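For reference, the structure is listed below as structure tokens.
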Amino acid sequence: MPIVDSQDSLQRALNAPPEGRKPSFQDQLLQAGAITAEKLKSLLHGHPALQNNHELLKLLKTISGGDRGRLDQLYADSLDLPLVRLAQFDIDGHALDRVPADFSRAHELIPLSMHRDRLVVAMANPTDIETLNLLHFITNHLIEPVYAPLEEINLAISQFYSPSDDDDVLRTLPTVSEEAEALSRQQAQKLASDKPTVKLINNLILDAINRRASDIHLRPEEHCVDILFRIDGALNRIRTLTKPMLSAAIARIKIIGGMNIAEHRLPQDGRARVKSGERLIDLRISIMPSIHGESAVIRILDTSAGLRSVADLGFTTKDANTFRHIMNRSSGLYLVTGPTGSGKSTTLYAALQEVIKRNINVITVEDPVEYHLAGVLQIQTHSAIGYTFARALRNILRHDPDAIMIGEIRDEETARIAVESALTGHLVLSTLHTNSAASTVTRLLEIGIPAYLLRSTLLGVLAQRLVRRNCPHCLVEDSVDAQMAEQLRVGPHEVFWRGEGCEQCAGTGYRGRIAVYEQLLIDNGLRDLITPDISATTIEAAATQQGMVPLTQQALGLARQKITSLDEVYRVRLE
């Protein structure tokens with residue numbers, strides 16, 4: 001069956017005569033070379049749920065990288081159904097009106113149009129007979145299922161149903177001018193608990209989760225409220241709310257986060273936990289007053305996913321072996337550095353998974369605990385009651401740890417306890433906010449750690465950033481800016497690539513992120529250089545001479561492999 005992206009092509013596909021019996025999905029996979037017989041047998045062995053082709057498709061799309069589109073086509077062909085691409089599809093509003101938004105979200109489907117006397121519905125699982133029967137019952141129409149990828153269905157639901165969510169909230173709002181003061185406590189409490197407001201915020205969070213967003217921003221302007229999602233590190237404007245909806249939305253977010261809904265003058269922080277399917281999602285919420293009203297940022301942390309192994313971090317074979325070697329040391333200090341949002345926690349959790357293979361007592365001190373890890377005692381700090389990193393560290397040293405992970409070294413006291421813990425026979429892992437691996441050494445010296453202690457304890461430093469991956473479906477040759485090329489010292493005839501933007505990457509040209517890094521291994525030669533007046537430049541020169549690949553050069557290597565763009569390299573470069 002063809003790929004369709006418009007009403008005309010959909011109608012032609014539905015009018016086409018059937019092509020006869022098609023090979024099964026598993027046979028299609030094998031014939032197309034999408035998987036080997038041995039690999040398929042290995043996946044199916046001991047996992048009877050994967051005999052369901054829809055479950056098998058979900059698993060393969062998770063582990064296949066850039067082959068998602070091909071897998072979608074093979075799955076649709078095996079069902080003899082059109083594959084619908086929804087990114088530019090003009091959905092019929094009359095068809096939308098026949099299916100409630102809540103039903104579409106719950107059952108992962110969206111109505112597209114009428115075909116003769118049938119309602120054409122794009123489904124992530126067109127073989128779900130129970131859902132088809134329910135849909136027939138509530139619409140009183142025969143159902144014509146077609147296949148569309150789940151991520152595209154979720155985006156379409158957000159795009160076409162969200163305006164009705166906004167209208168529901170607007171109908172419940174009291175008459176109040178945009179220039180009026182914030183709603184009273186009683187009004188805010190009522191509106192925050194009304195079903196339309198609850199539905200609006202719940203759907204906003206669900207939409208962000210489905211789009212792989214790490215943060216939701218509600219940014220008030222003079223006459224409207226912008227909603228932005230941070231996806232792959234970049235902010236994307238998703239939609240706009242009218243200004244009168246701000247108070248109700250903020251009040252609902254405050255209730256979710258356990259905050260004071262009557263306080264509008266001071267910043268507030270809160271947290272909550274929601275369930276999306278079978279996943280538990282932690283929310284970290286920040287409310288900040290501004291001249292146009294209160295702004296909200298919701299950080300999304302999937303506590304049951306996101307864990308990566310060392311093999312998934314993107315290390316070279318040499319650096320991966322060095323990393324694993326350090327994680328098998330009995331004592332010493334290893335630091336991961338970089339700005340906020342550079343993937344430091346992901347790297348530390350990969351390190352922890354390596355450490356716990358040794359069957360030792362591992363304790364973490366975090367703020368917040370981002371991922372839950374079996375076999376590790378995880379402790380969350382609470383600064384409001386004085387339970388800081390330093391205080392927690394002093395207590396857990398009496399809890400017989402072999403390895404300690406500190407979420408972040410924020411002050412001299414925490415740094416000193418971490419170094420002393422490494423000196424007394426513990427493996428200590430932590431993060432620090434510095435630009436480069438070499439400057440981490442000088443930063444520790446500057447905050448008061450004696451050089452002799454640092455020489456005795458520091459094992460290595462990993463400085464990292466995240467760059468966006470080029471979308472593999474829309475790669476085009478990039479036109480390199482001359483000034484950028486000069487700054488990065490690339491040859492005038494070198495060719496680089498970027499994503500042009502397509503339905504697979506929502507027009508951004510990027511999909512997903514990968515870490516770029518420099519790993520500084522403290523060997524005997526570098527250890528001798530650590531003195532109170534050493535400079536970062538001297539350390540970096542010595543480390544480079546001994547084999548360290550600087551972060552900028554490592555990022556350039558990815559650009560030369562078409563994995564990322566030169567713009568991304570320029571953005572994360574280290575001078």
Side-chain angles (χ1 to χ4, degrees), residues 1 3-5 7 10-11 13-14 18 22 24-26 28 47-62 68 71-87 89 91-162 164-165 195 199 202-203 205-207 209-211 274-279:
M1 293 293 284
I3 298 176
V4 300
D5 57 4
Q7 288 286 2
L10 175 61
Q11 295 297 325
L14 294 175
K22 292 274 189 163
S24 70
F25 181 47
Q26 294 181 21
Q28 294 254 17
H47 297 87
L50 294 182
Q51 295 295 338
N52 180 316
N53 289 333
H54 179 62
E55 294 301 318
L56 178 60
L57 173 68
K58 288 199 297 184
L59 175 63
L60 291 176
K61 290 178 75 172
T62 300
R68 291 168 172 261
L71 291 169
D72 287 327
Q73 182 66 71
L74 293 173
Y75 180 67
D77 285 347
S78 71
L79 298 175
D80 199 21
L81 294 177
L83 167 60
V84 180
R85 290 299 184 188
L86 295 173
F89 198 94
I91 293 177
D92 185 348
H94 296 297
L96 283 173
D97 293 339
R98 289 175 165 84
V99 181
D102 290 344
F103 187 91
S104 289
R105 288 189 174 96
H107 295 276
E108 300 173 346
L109 57 86
I110 189 163
L112 301 179
S113 63
M114 294 298 299
H115 177 68
R116 301 183 183 135
D117 60 341
R118 295 172 179 261
L119 178 64
V120 184
V121 179
M123 303 177 66
N125 183 10
T127 62
D128 186 346
I129 302 301
E130 183 178 350
T131 295
L132 290 170
N133 290 336
L134 280 172
L135 200 54
H136 170 63
F137 177 77
I138 66 174
T139 63
N140 200 29
H141 285 288
L142 295 173
I143 306 301
E144 181 81 51
V146 295
Y147 173 67
L150 175 59
E151 55 270 23
E152 295 185 25
I153 289 176
N154 286 329
L155 290 177
I157 288 172
S158 172
Q159 178 183 354
F160 290 99
Y161 280 122
S162 292
S164 65
D165 295 342
K195 185 176 179 181
K199 179 180 174 183
N202 287 354
N203 290 341
I205 294 171
L206 180 62
D207 184 22
I209 294 169
N210 289 332
R211 294 187 187 221
V274 298
K275 194 168 185 180
S276 174
E278 299 179 355
R279 297 183 295 166

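This is a predicted model, so every value here is computed, not measured.
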Got a second to check how far Leu112's CG is from Leu86's CG, nearest 0.5 Å? 6.0 Å

Nearest heavy-atom approach of His115 to Val120 is CB-CG2, 3.5 Å

Once you round to the nearest 0.5 Å, how far does CG of Leu74 lie from CG of Leu60? 10.0 Å

Using the side chain to side chain donor-acceptor pair (under 3.5 Å) criterion, which residues pair with His54? Sequence neighbours excluded. none

Rounded to the nearest 0.5 angstrom, the CG-CG distance for Asn133 and Asp128 is 9.0 Å

Do Ile110 and Val121 touch side chain to side chain, with heavy atoms closer than 4.5 Å? no

Using side-chain heavy atoms (C-beta onward) and a distance below 4.5 Å, is Asn202 in contact with Val274? no

For Ser104, give me all partners under side chain to side chain donor-acceptor pair (under 3.5 Å), at least two apart in sequence or on another chain. Tyr161

Gln7 side chain to Ser113 side chain, donor-acceptor N/O pair below 3.5 angstrom: yes

Can you sort out the partners of Phe25 under ring pair (Phe, Tyr, Trp, His ring centres under 6.0 Å), two or more places apart, ordered by chain and number? Tyr75

Donor-acceptor pair, Glu108 side chain versus Ala124 backbone, under 3.5 Å? no

Under the side chain to side chain donor-acceptor pair (under 3.5 Å) test, which residues partner Asn53, sequence neighbours left out? none

Are the side chain of Asn203 and the backbone of Lys199 linked by a donor-acceptor contact shorter than 3.5 Å? yes

Which atom pairs, one a donor and one an acceptor, fall under 3.5 Å between side chains of residues 144-151 and the rest of the protein, sequence neighbours left out?
residue	atom	partner	partner atom	Å
Tyr147	OH	Asp72	OD1	2.7

Passes side-chain contact (heavy atoms from CB on, under 4.5 Å), Arg85 versus Val4? Steps please. CA-CA 6 Å; Arg85 290 299 184 188; Val4 300; over 6 Å; no

Quick one: list whatever passes side chain to side chain contact (heavy atoms under 4.5 Å, CB included) with Leu206, sequence neighbours left out. Arg105, Asn210, Ser276

With sequence neighbours left out, write down each residue that passes side chain to side chain donor-acceptor pair (under 3.5 Å) with Arg98, or none if nothing qualifies. His141

Run the side chain to side chain contact (heavy atoms under 4.5 Å, CB included) test against Glu55 and tell me which residues pass, sequence neighbours left out. Leu50, Asn52, Lys58

